[in-house]
Protein chains: 2
Amino acid sequence: MDTVNQNSTFEEKLAGFEACCRKHGLKLTPQRIAIYKTLISTDSHPTADEVYQMVRTEISNISLDTVNRTLLTLTEIGAAFQVEGTGQPRRFDGGLEDHQHFLCIKCGKVIDFQHDALGDIHIPDEVQGQFKILRKTVYLEGFCSVCAEKEL
Amino acid sequence: MDTVNQNSTFEEKLAGFEACCRKHGLKLTPQRIAIYKTLISTDSHPTADEVYQMVRTEISNISLDTVNRTLLTLTEIGAAFQVEGTGQPRRFDGGLEDHQHFLCIKCGKVIDFQHDALGDIHIPDEVQGQFKILRKTVYLEGFCSVCAEKEL
DNA sequence: ATACTAAATAGGATTTACTACTATTTGTCA
DNA sequence: TGACAAATAGTAGTAAATCCTATTTAGTAT
C-alpha cells in the first residue's frame, strides 16, 4: 500500500503531499492544496459536494468541477482514496458462490476472484457487537491487466 | 452470512427465493421473479439499467423504476447484494491511519473500525499476478446500531 | 369462485451526481 | 520575465436514481 503518509502531523502530511504532486508532475495550485487540507482535516467521509461546501469558505469561487476533478486526481496519486461501497452506478450480484471482488479503478470493471483462506476472516468482538454484520469480504482495488498496460 | 442459497441449482435457488419473499411478506410478482432470474443467470455484475434491458425481453413494458426498486428489495432480504465499490455518491477518505470500513446499507453511513490483524491479509499469487493491486481491505456491510433497532 | 385491500407497478417528471466544453488564468521552468 | 502546458471557473449537458400518482395485481378472506 502506498498512501502518501500515515501517522504524521498535519504539516508533514502537507509536505508529503506537495512532494507527491511534484513527483507526479502536478502543479501545486491553491485549490489543490485547499482540497487536500480539507480532506485530511475531517474524519468523516465527505462527498465531492461536501468537500466543495467546506472549501468554499476558503476559496469562495471554486467550482464543483474542480473539486470533483481534484479528488479524483488525489486518488490517482494515492493521496486519498474512494470509500468502497460508493461511486458510480450500482452493480448487483446474485450472491451465488462465495467470492471476492476486485475493482479496476480505471475502467470500473468488477472481477471476481476466489480464495478460500479469505472466506473466514475473524472479526473482532468489539466490532461484532457494534454492528449487525450481514456481509464481510476482502476487497481489492487497482488496475486490471488491460488498464495496467495503458498506464505505462 | 445469510445469502438465500449457495451451491444450488437454478430451480432450488428460485424456490428458495420464493420462500424468502413469503418469509418477508413480499408478493411474488412476475416482475420480481423475472428480475431475480435475470440476476442469477449472469455472472457479470449488471447495473440496474443492464438488468432492465435484459428483463425487457421477457416483460416488455416493465419500468426502470421497478427494476431499481426490486433490486434494492432483493438486497434488503439478502437475495442479492450490491457490489462494493459501486453505488451512490462517491465518498472520499484522506487515507490516514490504517483502517477498515463498515457500510450501513440502511442509512449509507460509513464507519471506520480498526483491527491490526486485518491489516495484513495474504493475497494469493495468482491474484497478485493478475492485477496491479493498489489497495486491499476487509469490508463489512450491515446495519449500524441505530438502524438495527429500527429493523426490529 | 368473488370481492377486497394493501402492496406493487408503469410511466413520466424531478432531483442529484457527475462529466464535458471552452475561454481564461496560473504554476512552472527556461 | 516571458512562454506554454496545465489547471480552473462557469456553465451546459448527460446519466443515474428517486419521487409521484393513477392503475393494476397478488394474496387472503368470504
Side-chain angles (χ1 to χ4, degrees), chain A residues 17-36 38 45-53 55-56 58-77 79-80 82-83 85-92 105-108 110, chain B residues 17-36 38 45-77 79-80 82-83 85-92 105-108 110:
Chain A
F17 171 64
E18 301 191 352
C20 185
C21 282
R22 270 189 264 275
K23 184 178 134 199
H24 287 86
L26 296 177
K27 291 179 178 174
L28 279 169
T29 66
Q31 291 88 340
R32 218 163 248 173
I33 293 166
I35 290 167
Y36 180 74
T38 304
H45 305 86
T47 62
D49 199 71
E50 285 163 355
V51 173
Y52 174 58
Q53 299 303 337
V55 173
R56 239 141 65 97
E58 196 178 334
I59 304 176
S60 60
N61 72 327
I62 197 170
S63 80
L64 176 58
D65 186 34
T66 297
V67 174
N68 242 312
R69 235 180 326 94
T70 302
L71 287 169
L72 291 179
T73 323
L74 294 191
T75 67
E76 276 168 24
I77 63 171
Q82 288 183 35
V83 175
T86 67
Q88 288 313 24
R90 272 197 277 258
R91 292 187 170 275
F92 295 89
I105 59 169
K106 189 94 179 178
C107 66
V110 176
Chain B
F17 171 66
E18 301 191 352
C20 184
C21 282
R22 270 189 265 275
K23 185 179 132 198
H24 286 87
L26 296 177
K27 291 179 180 175
L28 280 168
T29 65
Q31 291 88 339
R32 217 162 250 173
I33 293 166
I35 290 167
Y36 180 74
T38 304
H45 306 85
T47 61
D49 199 72
E50 284 164 356
V51 173
Y52 173 58
Q53 299 303 339
M54 292 189 267
V55 174
R56 239 139 69 95
T57 62
E58 196 177 334
I59 304 175
S60 61
N61 73 327
I62 198 170
S63 78
L64 176 59
D65 187 35
T66 298
V67 174
N68 240 312
R69 233 181 326 94
T70 304
L71 286 169
L72 290 178
T73 358
L74 294 192
T75 67
E76 275 168 23
I77 64 173
Q82 289 183 38
V83 175
T86 67
Q88 287 313 23
R90 271 198 278 258
R91 293 190 168 273
F92 295 88
I105 58 170
K106 188 93 177 178
C107 66
V110 176

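Letters A, B, ... are given to chains in the order of the sequence lines, protein chains preceding strands, and every chain is numbered from 1. Values below: every heavy atom of this structure, side chains too, minus hydrogens, waters and symmetry copies. Since the model is a prediction, treat every value here as computed from it, not as a measurement.
- The nucleotide whose nearest atom lies closest to any side-chain atom of B:T70 is, among D:dT8, C:dT19, C:dT9, C:dT9.
- In this view, B:R69 and B:D65 satisfy the salt bridge (Lys or Arg N to Asp or Glu O under 4.0 Å) rule, not counting sequence neighbours.
- Over its full length, the helix from C:dA1-D:dT30 to C:dA30-D:dT1 turns its helical axis through 40°, comparing axes from the five pairs at each end and rounding to 10°.
- In this structure, A:R69 reaches the bases: a heavy-atom distance under 4.0 Å links it to at least one base atom across the strands shown.
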Contacts under 3.5 Å, N or O only, protein and nucleotides 27-30 of chain D:
from, atom 1, to, atom 2, distance (Å)
D:dG27, OP1, B:L28, N, 3.1

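- For A:T47, the side chain to side chain contact (heavy atoms under 4.5 Å, CB included) partners at least two apart in sequence or on another chain are A:D49, A:E50, B:P89, B:R91.
- Put simply, the side chain of B:D65 and the base of D:dC19 share a donor and an acceptor less than 3.5 Å apart.
- A search for salt bridge (Lys or Arg N to Asp or Glu O under 4.0 Å) contacts involving B:R22 returns B:E18, not counting sequence neighbours.
- Here the side chain of B:I62 is nearest to one of C:dC18, C:dA10, D:dT8, namely C:dA10.
- Checking the phosphate oxygens (OP1, OP2) of D:dA9, a side-chain nitrogen or oxygen of A:S63 falls inside 4.0 Å.
- Checking D:dA7, C:dA10, D:dA26 against the side-chain heavy atoms of B:I59 singles out C:dA10 as nearest.
- Nearest nucleotide to the A:A48 side chain, out of C:dC18, C:dG11, D:dT8: C:dC18.
- Within the 4.0 Å cut-off from OP1 or OP2 of D:dA26, not a single side-chain nitrogen or oxygen of B:Q31 is found.
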Mind listing the N/O atom pairs, protein and nucleotides 13-17 of chain C, below 3.5 Å?
none

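- Atom CG of A:L64 is separated from atom P of D:dG13 by 17 Å (rounded to the nearest Å).
- For A:L72 and C:dT19, the CG to P distance is 6 Å, given to the nearest whole Å.
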